[in-house]
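Take a look at the structure set out below.
Not measured: the values here are computed from a predicted model. Proteins come first, then strands; the chains are lettered A, B, ... in the order of their sequence lines, and each starts at number 1.
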Protein chains: 2
Amino acid sequence: MFGSSLWSVSAEPVSRRARPAKAPLSRAVIVRTGLRVLDREGLDALTMRRVAQVLDTGAASLYVYVKNRDDLMAAMLDEALGRVRLPTDGSWQERLQLLVANSIEAMSRHEGLALVALGGIPTGLNALLVMDRMLALLKEGGLDDKTAAWAVDLLYLHITVAGAEQAAYNTKKMNEADHIAEVRKLYAELPADRYPLLTSMGDALFSAGDRDRWAIQVLVNGILNTPADR
Amino acid sequence: MFGSSLWSVSAEPVSRRARPAKAPLSRAVIVRTGLRVLDREGLDALTMRRVAQVLDTGAASLYVYVKNRDDLMAAMLDEALGRVRLPTDGSWQERLQLLVANSIEAMSRHEGLALVALGGIPTGLNALLVMDRMLALLKEGGLDDKTAAWAVDLLYLHITVAGAEQAAYNTKKMNEADHIAEVRKLYAELPADRYPLLTSMGDALFSAGDRDRWAIQVLVNGILNTPADR
DNA sequence: ACCTGAACACCGTTCAAGT
DNA sequence: ACCTGAACACCGTTCAAGT
């Protein structure tokens, strides 16, 4: 009875105003959507299905623009690195330290993204730009090519871990003070004969201060004092 | 016709010799089995189901001894760190550098394991032992408590990334030389105006040498030259 | 050419039910 | 007490079929 009318309804052309054209898919749109999903819903929610859903399509459609989930995350990381501000003022050492700090900060904003940088020479255009600027600063500081090259490797590695750690820290559900108190208690209760330092210097272990800034200074000072060719 | 005999067969007691008692489950056995699965079949194969299968049981049985997959992997990491050799000879700097190198090596033997250390103050008994020994060496070197504490943080962070990178490198399916050649080509083909250093100093970027050893030296030198209290 | 429904081959984790 | 079959609520990825 309703068969043919139902059929004709679904065959009827639908006004574009009632059902407006979707924004066309593209790699850039998928990458930005992935970043939004990651930032708003967390790493667990960053699934191909969820990203597709936000774009009002099916997961299969993403594979035209993105090789797989890892490829998507790598692209998201590079997008995030595109937001790094390149310092212009101060001595070369100040600019280098700020560039490293800015890169760490950019990575730390997005849960789990820093980890995809591990195990793989960077190939993203924005990651490479950061590396090129670091090389320029190191050469400005008078380092030889080999030391500068190795230094950039090490600095990028540090950016990755520091970013990952900071991101994990930012995302921790647990109350930070509670967590530290708990670990502190664990350290204090360790057997003192096997862990003499951890049990005895508890206060210093959790001492406040800008550890991130200090770590970057350590790296730069170390690089200046350690030529690659012994 | 065969109904009752089949039924009686399955009800018949089976000799323990024909079907020997399984080794009883325990946290230690599960952790060691996980490590074996990881080393032999890779990170993708490290599933609760696969570990259980090797132990001739169901995945659900593991949850009596292990909170979840992350807990299992954390325990596996600490087990791996239990294999780190603690150096006894040489100056405190030599012993420290060797301890760091040994720790990196231990982590790098097991794909993906280093990553579980990220984002979380270490609490495994073997990780803590490595940290305690590092603290002892730094204090032997005359560092104040605060600098020593921050230094151990930084060194452990470096052990983690370096281990993760090395592990990824060890596990790479692709021919190493081919991969480097590919990246080198990518760098060379970058626009020279935007990437002046990467395009011009290609040789130095891929220069051979012991980068890992150099990186550890950089860290130690930097730590010695950078007190935590400015 | 571009898109997608449906299926494939898995996951981690829980829990009622068994011994 | 200890163990487990089966189910729940998902995954990433592929591909034949549609428009």
Side-chain angles (χ1 to χ4, degrees), chain A residues 6-16 18-31 33-34 37-38 41-76 111-113 115-116 173, chain B residues 7-8 10-16 19-31 33-34 37-38 41-77 111-113 115-116 173:
Chain A
L6 284 172
W7 186 85
S8 65
V9 162
S10 69
E12 210 132 29
V14 176
S15 159
R16 295 216 169 184
R19 181 149 159 51
K22 305 182 205 172
L25 283 181
S26 70
R27 183 169 237 261
V29 142
I30 292 169
V31 169
T33 303
V37 169
L38 177 62
E41 306 175 38
L43 187 58
D44 287 346
L46 184 73
T47 66
M48 302 302 278
R49 286 168 141 98
R50 177 76 188 117
V51 173
Q53 193 185 52
V54 172
L55 288 167
D56 194 25
T57 184
S61 301
L62 305 182
Y63 287 83
V64 178
Y65 305 94
V66 132
K67 237 191 335 266
N68 50 42
R69 188 175 183 262
D70 277 353
D71 181 40
L72 170 58
M73 288 187 71
M76 286 165 57
E111 184 190 358
L113 220 47
L115 299 182
V116 311
K173 3 19 320 266
Chain B
W7 187 86
S8 65
S10 69
E12 210 130 29
V14 175
S15 160
R16 293 214 169 184
R19 181 152 157 52
K22 306 181 207 173
L25 282 182
S26 71
R27 183 168 235 261
V29 141
I30 291 169
V31 168
T33 304
V37 169
L38 177 61
E41 306 174 38
L43 188 58
D44 287 346
L46 185 73
T47 66
M48 300 303 279
R49 286 168 140 97
R50 178 75 189 116
V51 172
Q53 192 184 54
V54 171
L55 289 166
D56 194 25
T57 183
S61 302
L62 305 182
Y63 286 84
V64 179
Y65 305 95
V66 133
K67 231 181 354 254
N68 51 42
R69 186 174 186 264
D70 277 353
D71 181 39
L72 170 57
M73 289 188 70
M76 286 165 57
L77 171 64
E111 184 189 358
L113 221 47
L115 299 181
V116 312
K173 7 357 344 257

Using atom names, set out every protein N or O paired with an N or O of nucleotides 8-15 of chain D below 3.5 Å, distance rounded to 0.1 Å.
from   : atom 1 : to      : atom 2 : distance (Å)
D:dG12 : OP1    : A:Met48 : N      : 3.3
D:dG12 : OP1    : A:Arg69 : NE     : 3.4
D:dG12 : OP2    : A:Met48 : N      : 3.2
D:dG12 : N7     : A:Arg49 : NH1    : 2.4
D:dG12 : O6     : A:Arg49 : NH1    : 3.3
D:dG12 : O6     : A:Arg49 : NH2    : 3.3
D:dT13 : OP2    : A:Tyr63 : OH     : 2.7
D:dT13 : OP2    : A:Arg69 : N      : 2.9
D:dT13 : O5'    : A:Tyr63 : OH     : 3.3

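Screening B:Val31, B:Leu115, B:Leu113 against B:Leu77 for a side chain to side chain contact (heavy atoms under 4.5 Å, CB included) leaves a single residue, B:Leu113. Exactly one of B:Val51, B:Leu25, B:Leu38 qualifies for a side chain to side chain contact (heavy atoms under 4.5 Å, CB included) with B:Thr33. That residue is B:Val51.
Note that CG of B:Asp71 is 10.0 Å distant from CD1 of B:Ile30, once rounded to the nearest 0.5 Å.
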Discussion item. Using side-chain contact (heavy atoms from CB on, under 4.5 Å), reason through B:Met76 and B:Val37 one step at a time and then give a plain yes or no.
Written reply: CA-CA 11 Å; B:Met76 286 165 57; B:Val37 169; over 6 Å; no
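Residues in residues 58-70 of chain A take part in these side chain to side chain donor-acceptor pair (under 3.5 Å) pairs, two or more places apart or across chains: A:Thr57-A:Ser61.
Between A:Ser61 and C:dT4 there is a side-chain polar atom (N or O) within less than 4.0 angstrom of OP1 or OP2.
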Worksheet entry | Dot-bracket line, read 5' to 3' along DNA chain D, where crossing pairs take [ ] and | marks a partner on another strand, Watson-Crick or G-U under 3.5 Å | ||.|||||...|||||.||
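Here the side chains of B:Met48 and B:Leu72 are in contact, with some heavy-atom distance below 4.5 Å. In this structure the side chain of B:Thr47 never reaches within 4.5 angstrom of the side chain of B:Gln53, judged on heavy atoms. Residues A:Arg50 and A:Leu46 are not in side-chain contact: their nearest non-hydrogen atoms beyond the backbone lie 4.5 Å or more apart.
Here the C1' atom of nucleotide C:dG5 and the CD atom of A:Gln53 are 15 Å apart, to the nearest Å. The CG-P distance, from A:Leu55 to C:dC3, rounds to 11 Å in whole Å.
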